[in-house]
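This report concerns only the one structure given below.
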Amino acid sequence: MFKTRLFIPGPTPINPEVQKALSSPMINHRGPEYEALQKEIVENLKKVFKTSNPIIVFPSAGTGGMEAAIVNFLSPGDKVICASIGVFGDRFASIAKAYGAEVVKVDFEWGKAIDPSKLQQALDDNPDAKALLMTHNETSTGVTNDLWAIKEILKEREILWIVDAISSLVAIDLPTDELGVDVVVGGSQKAFMIPPGLSFLAVSEKALKYAENAQMPRFYFDIKAMLKSMERNQTPYTPALPQLFALREALRQILEEGLDNVQKRHKQVGETIRRGIKAIGLKIFADEKFASNTVTAIYNPEGVDVRKLRSFLREKFGVVLAGGQGAIQNTVFRIGHLGYVDVIDALTVLSALEIGLKVLGYPVELGKGVKAGEEFIAEEVQ
Ligand SMILES: *Cc1c(COP(=O)(O)O)cnc(C)c1O
């Protein structure tokens, strides 16, 4: 294939400067050069997370960060509420269970956001719950939860608020301190536009107090060891240097563009995709009010073998789309539109999709999706 165009919700494409940073020569991870690297990264991560809380970087998949967000703050037998709207909410519950938490799972219909009144009821019914686990942006359904609505029902409660923001951070606003989220988990291969292999954890003072008594077993993911080393801009174990070189470069670029502009760009890309998809005649899985600006799940078009459609797009155009996950594996396919993407990328995937659908016999008028996107951009520009 001449060119691969990733439209999956991670790993996302990376830009040439980040690519270059990845091939930098190794440095001594105990030397001054490393200390400057870590210092800059942590300072810039705080700007992205909008927090003055410490931020810990683990060399791990995002799921490792989720695990760290549980084992450092809880003890076996602790009751936790897990609000789930899809695959990743379910995963949070599974991790907590694996470490012996008593999980009260509050499920919401897939495609919908968390209903704050139902969650409030669960909080009222379980006043002894130690933590609330939830996903900010549910990647399997393309739904973004409203964190402000959750903040509203959490006020005056002691419960620890733990949020998986792996597919939202950078792209969708998450003002950690203003919201008062205690633990925010991020991951590298989504909107940070660097390769997989890093997770991030912002940890509030309240969470650090929980950490004092937390009895769940941990070693590699122990934040106390991390925080201690971080006082000297070091890590207890060898850091993932190539990833950190890439992260330093990506953060510089994100802040140079301006976080607000990055988020505006994602909003425009998300909106373009949604308008285009609807104009083509396909149906979006998410409740529109909570539709995600980083990933869109689309009902499989009737009469079309979606696996064939995805193969066609991949083989002919190098356009890679994602399938469905979990309970909706055979109901939807997904377009990831986060990280190093812009509106022209959105129009690219819409036009490829139109052609693919047409070739596979789905009735589509070529150009409709692209036109809807173009009209929207024209409105924006005015
Ligand atoms: C991608 C993703 C994860 C998992 O990340 P891995 O790096 O695959 O472990 C967790 N939560 C959400 C919301 C995600 O999008």
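Whatever order the structure lists them in is the order used to number ligands and atoms, beginning at 1. Reckoned from all heavy atoms, side chains included, excluding hydrogens, waters and symmetry mates.
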Kindly print each ligand 1 N/O atom paired with any protein N/O atom under 3.5 angstrom away, one pair per line, or none if nothing qualifies.
{"residue": "ligand 1", "atom": "7 (O)", "partner": "G62", "partner atom": "N", "Å": "2.7"}
{"residue": "ligand 1", "atom": "7 (O)", "partner": "Q189", "partner atom": "NE2", "Å": "2.8"}
{"residue": "ligand 1", "atom": "9 (O)", "partner": "G62", "partner atom": "N", "Å": "3.3"}
{"residue": "ligand 1", "atom": "9 (O)", "partner": "T63", "partner atom": "N", "Å": "2.8"}
{"residue": "ligand 1", "atom": "9 (O)", "partner": "T63", "partner atom": "OG1", "Å": "2.5"}
{"residue": "ligand 1", "atom": "11 (N)", "partner": "D164", "partner atom": "OD1", "Å": "3.4"}
{"residue": "ligand 1", "atom": "11 (N)", "partner": "D164", "partner atom": "OD2", "Å": "2.6"}
{"residue": "ligand 1", "atom": "15 (O)", "partner": "T139", "partner atom": "OG1", "Å": "2.4"}
{"residue": "ligand 1", "atom": "15 (O)", "partner": "K190", "partner atom": "NZ", "Å": "2.6"}

Parallel, tilted or perpendicular: rings of F49 and F200 (30°, 60°):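 Rings of F200 and F49: perpendicular, as their planes differ by over 60°.
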Lys/Arg cation over aromatic F108: K118, 6.0 Å, 45° cone: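 Yes.
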Salt-bridge contact E256-R252 (side-chain N to carboxylate O under 4.0 Å):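 So E256 does not pair with R252 through a salt bridge.
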SB check E271 R275 (cutoff 4.0 Å): yes
For V304, side chain to side chain contact (heavy atoms under 4.5 Å, CB included) partners two or more places apart: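 So V304 forms a side chain to side chain contact (heavy atoms under 4.5 Å, CB included) with P301, L309, L357, L360, Y362.
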Residues T135 and D164: side-chain donor-acceptor under 3.5 angstrom: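 On atom types as modelled, these side chains do not qualify, holding no pair under 3.5 Å.
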